[in-house]
Amino acid sequence: MSSTVNNLWLIPAFPLLAAAVLAVTKQRHRRFSAFLAIAAMAIAFLISGAAFLSTLGDTGEEGIWREVKNFPWFQIGKSTVQLGWILDPLTASMLVMVTFVGLLIFIYSIGYMAHDSNSTRFFGFLSLFAAAMLGLVISNSLLLLFICWELVGLASYLLIGFWYHKPSAAAAAKKAFITTRIGDMGLLLGMLWLYSEAGTLLFYDNGNGCLEASALTKLVAQTTVFGMAVSTGISLLIFCGAMGKSGQVPLHVWLPDAMEGPTPVSALIHAATMVAAGVFLIARMYPLMALQPEASVSASQVVHAPALSISEKERASRALAIVQPVVHDSKPLLKSAPPVPEGESQVEGKAAASQHGATSTSTALQVITWIGTITAVFAACIAVAQTDIKRILAYSTVSQLGFMMIGLGVGGVAVGMFHLMTHAFFKALLFLGAGSVIHGCGGEQDIRRMGGLTQYMPTTFLTYAAGMMALSGVPVLAGFWSKDDILHAASVWSVSRWPFYLCLFAALLTAFYMTRQVCYVFLGRYRSSDALSANSSSHGHHLPHESPSVMTIPLMILAFCAVLLGLIGTPVWPWFEGYLSGHHPSLSLGNLFESGTIQIMLISTAVVFIGIGLAWRLYGSRAVAGSEDPDILERARPEVFSVLRNKFYVDELYEATVIRFNAWAGWVCDWFDRWVWTGAVRLLSYLVLGFSWLNRLFDEYVINLGFDQGCQQVKNGGQMMSSLQKGQVQLYLRVIGMALTALLLVLTWGIGQ
């Protein structure tokens, strides 16, 4: 075992230590708090980089580099609860992304929170947030992952409600905390069920982990009372937790309201930490998620299926390599993935066979795919009609998280995680860019009161435009490659073609609403003065200004990554997919002409430019006249636009159903407590008092009276008997005489008879 995995715990330890120190630091030490938080994150990034480099070593032609460190936590009887951490390509890539993006957000926060008197507390919460996410990433135990998972929820609650003096911020924090707890309940139940069946919550443990062959074979072979495989039931419960954290329908409602926190918090939540946790959980539990009891096609049939093209075969074999369990606890996995002889490992075969149409996809992955599809389209439709700059990006995040779930469901770990990686950079760029706009406009967030910011904030505009194009999927940029990877996988999904078509529609909407946002914010003329005169708003009395360099430099770095990061996952050089699966892909232009890759790229490009062109036609070529003018779409279809602006009335639906039912249930419980349970308690108390009075009466007038009278009679008898023994001789003689007389009479009577 290398020293790298032994020291892996230091990555979350440094931010956690910074959070502990800042918790007792006085508010006036603002520079110290910023320096400590950034230094801790920088050290975590350096260690993460070293860990990432260690996974790039030679592991054989098709092996996966993996090391684990397990240790006992506590013991109950003969059972020992173990925790541990893991270093593999999935962990290493996430560590580098979280620490790097988080470090840039920390640096950006210096400028954004410069005028906030509570910045010390803010950096403490940020450090706790980062530490919890990093602990979640390195966990080799579902229990340790769940502990860090809940710490992520706590930190998000503290940061979303950071400006607690605002009622909306306090309400948003509570909404996020409670909504995610609903999903976490499913995760907790799934975790308990998994432990009861597998006997462990360690992912990898020398062949005995819950994601290794022995446990997976047992889980897939058992069924519930409804005929569902135990593996499927556990997978769906675990997915409930991912739905809550990653904002999937119907648990998405907390994510847009999380915008009430400071913008760096929004960037951290939407790019590197909280929402990424749900996608990462599915990727980590993928060997369990991919199990399909009904599958009968072996892994060798998948890899050599004649219906698959060469690239599809390669993708299936790589998916198998990712799913295959580790067999060594203390050294890199050198296990070859394909081909697997038929019947030798049905667990791995079924998991791989579910990838690209060779056989039926597992039930859990089908659920994940359809939920992701609904979420992607649903959130994209809502984003079209929003006017808050951060809320548009929030619904964009919900939609892109749906894309990631689709990628996991139809394409495997590498497809979903590649989009997570690229999205982290351009979404952090967009949120920090939005924060720069808000900072430059004096706190304004309504895009209708902006406009013309290109001339005032050129650096912010250029970097924001790069992020907008990356998110929209403009060719060559990072989002284009990762989105096309998902579209390609969806186009060959054996279950249905509908996710592919709906993904195209969501991609068109993404390009449309992001272009609409850019037109509102950066083009035309500055409209905040209109809002000031109409509404007497405090915004707009100063012209916008560019943000300081401490905010714009992170934007430039993120923009550079948003443009070039996708090159590690192109069809010509699919390095990231090979890195996760243990392969060593080489440059090959021929991949562009296989399995419909060019066709998908052309369709995707056409869809993106249609969306951009349509938005430009409506919002760019004709500048928005005034801040109070209705939207062009609102004038054309006011009833549809109203539905979209009001988010399909989901919050109102929850208010009228779930929340009202909860309030009614609370009223019923209160009524029962006041009149039933309290009345029952009072009745019982009266009964007890009545029994005590009866007991007193019985004691005093039955027990005590009878006992007293008996004692009195004994006393009287004793007194009478004592009168016969007074010590007077004449009395004794008198008694003897009377007795002799009585005796003579008796004898005389007897003789006479």
Side-chain angles (χ1 to χ4, degrees), residues 45 48-49 51-53 55-56 89-105 107-108 137 267-268 270-273 275-276 279-280 283 393 396-397 400-401 403-404 407-408 411 413-433 462-489 507 510-511 514 553-581 585 587 591-592 597 601 604-605 608:
F45 171 65
S48 299
F52 174 76
L53 293 176
T55 63
L56 297 177
L90 180 61
T91 298
S93 57
M94 280 292 294
L95 286 176
V96 172
M97 183 274 289
V98 173
T99 53
F100 182 66
V101 175
L103 178 60
L104 294 177
I105 293 174
I107 295 172
Y108 175 95
V137 169
L268 200 59
H270 288 252
T273 54
V275 298
V279 178
F280 174 80
L393 297 179
S396 169
T397 300
Q400 296 305 307
L401 289 168
F403 272 92
M404 296 175 206
L408 289 170
V413 174
V415 176
M417 290 302 298
F418 183 40
H419 194 56
L420 184 148
M421 291 294 169
T422 59
H423 176 268
F425 286 91
F426 59 69
K427 186 50 64 71
L429 170 61
L430 288 170
F431 266 108
L432 296 186
L462 292 175
T463 55
Y464 199 92
M468 167 263 174
M469 290 188 290
L471 173 59
S472 300
V474 173
V476 182
L477 276 70
F480 171 77
W481 302 114
S482 59
K483 180 200 65 179
D484 272 27
D485 210 10
I486 296 172
L487 290 174
H488 182 271
T510 302
M514 287 307 300
I553 291 177
L555 294 179
M556 297 177 190
I557 297 173
L558 289 170
F560 177 81
C561 295
V563 172
L564 298 180
L565 184 64
L567 297 179
I568 66 173
T570 64
V572 176
W573 188 49
W575 178 88
F576 184 75
E577 184 177 355
Y579 170 66
L580 289 186
S581 61
L587 291 171
N591 291 338
L592 286 174
T597 301
M601 292 174 62
S604 172
T605 302
V608 169

> Which residues pass the side chain to side chain donor-acceptor pair (under 3.5 Å) test with Ser604, sequence neighbours left out?
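Lys483, Asp484.
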> Taking side chain to side chain contact (heavy atoms under 4.5 Å, CB included) as the test, write out the residues that go with Met97, two or more places apart.
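With neighbours one apart ignored, the set is Met94, Val101, Ala272, Leu420, Met421, Ala424, Phe425.
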> If the condition is ring-ring contact (aromatic ring centres under 6.0 Å, His included), which residues does Phe52 pass it with, not counting sequence neighbours?
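Tyr579.
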> With sequence neighbours left out, write down each residue that passes ring-ring contact (aromatic ring centres under 6.0 Å, His included) with Phe426, or none if nothing qualifies.
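Testing Phe426 for ring-ring contact (aromatic ring centres under 6.0 Å, His included), a comparison that skips the adjacent residues, returns His423.
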> Just jot down the side chain to side chain contact (heavy atoms under 4.5 Å, CB included) partners of Leu462, sequence neighbours excluded, or say none.
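Testing Leu462 for side chain to side chain contact (heavy atoms under 4.5 Å, CB included), a comparison that skips the adjacent residues, returns none.
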> Could you pull out all residues at least two apart from Ser396 that satisfy side chain to side chain donor-acceptor pair (under 3.5 Å)?
Lys427, Tyr513
> Holding to side chain to side chain contact (heavy atoms under 4.5 Å, CB included), I want the full list of residues that pass it with Val476, two or more places apart in sequence or in another chain.
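Counting only residues at least two positions away or on another chain, Val476 forms no side chain to side chain contact (heavy atoms under 4.5 Å, CB included).
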> List for me each residue that meets ring-ring contact (aromatic ring centres under 6.0 Å, His included) alongside His270, sequence neighbours excluded, and say none if there are none.
Phe431
> Applying side chain to side chain donor-acceptor pair (under 3.5 Å), can you list everything that pairs with Thr273, at least two apart in sequence or on another chain?
none
> Tell me, please, which residues at least two apart from Thr91 pass side chain to side chain donor-acceptor pair (under 3.5 Å).
Asp88, Arg284
> In chain order, what residues pass the side chain to side chain contact (heavy atoms under 4.5 Å, CB included) check against Ile553, with sequence neighbours excluded?
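Ile553: side chain to side chain contact (heavy atoms under 4.5 Å, CB included) contacts with Ser549, Ile557.
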> Kindly say whether Gly566 contributes a backbone atom to a donor-acceptor pair with the side chain of Thr570 at under 3.5 angstrom?
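Not confirmed, Thr570 side chain does not pair with Gly566 backbone.
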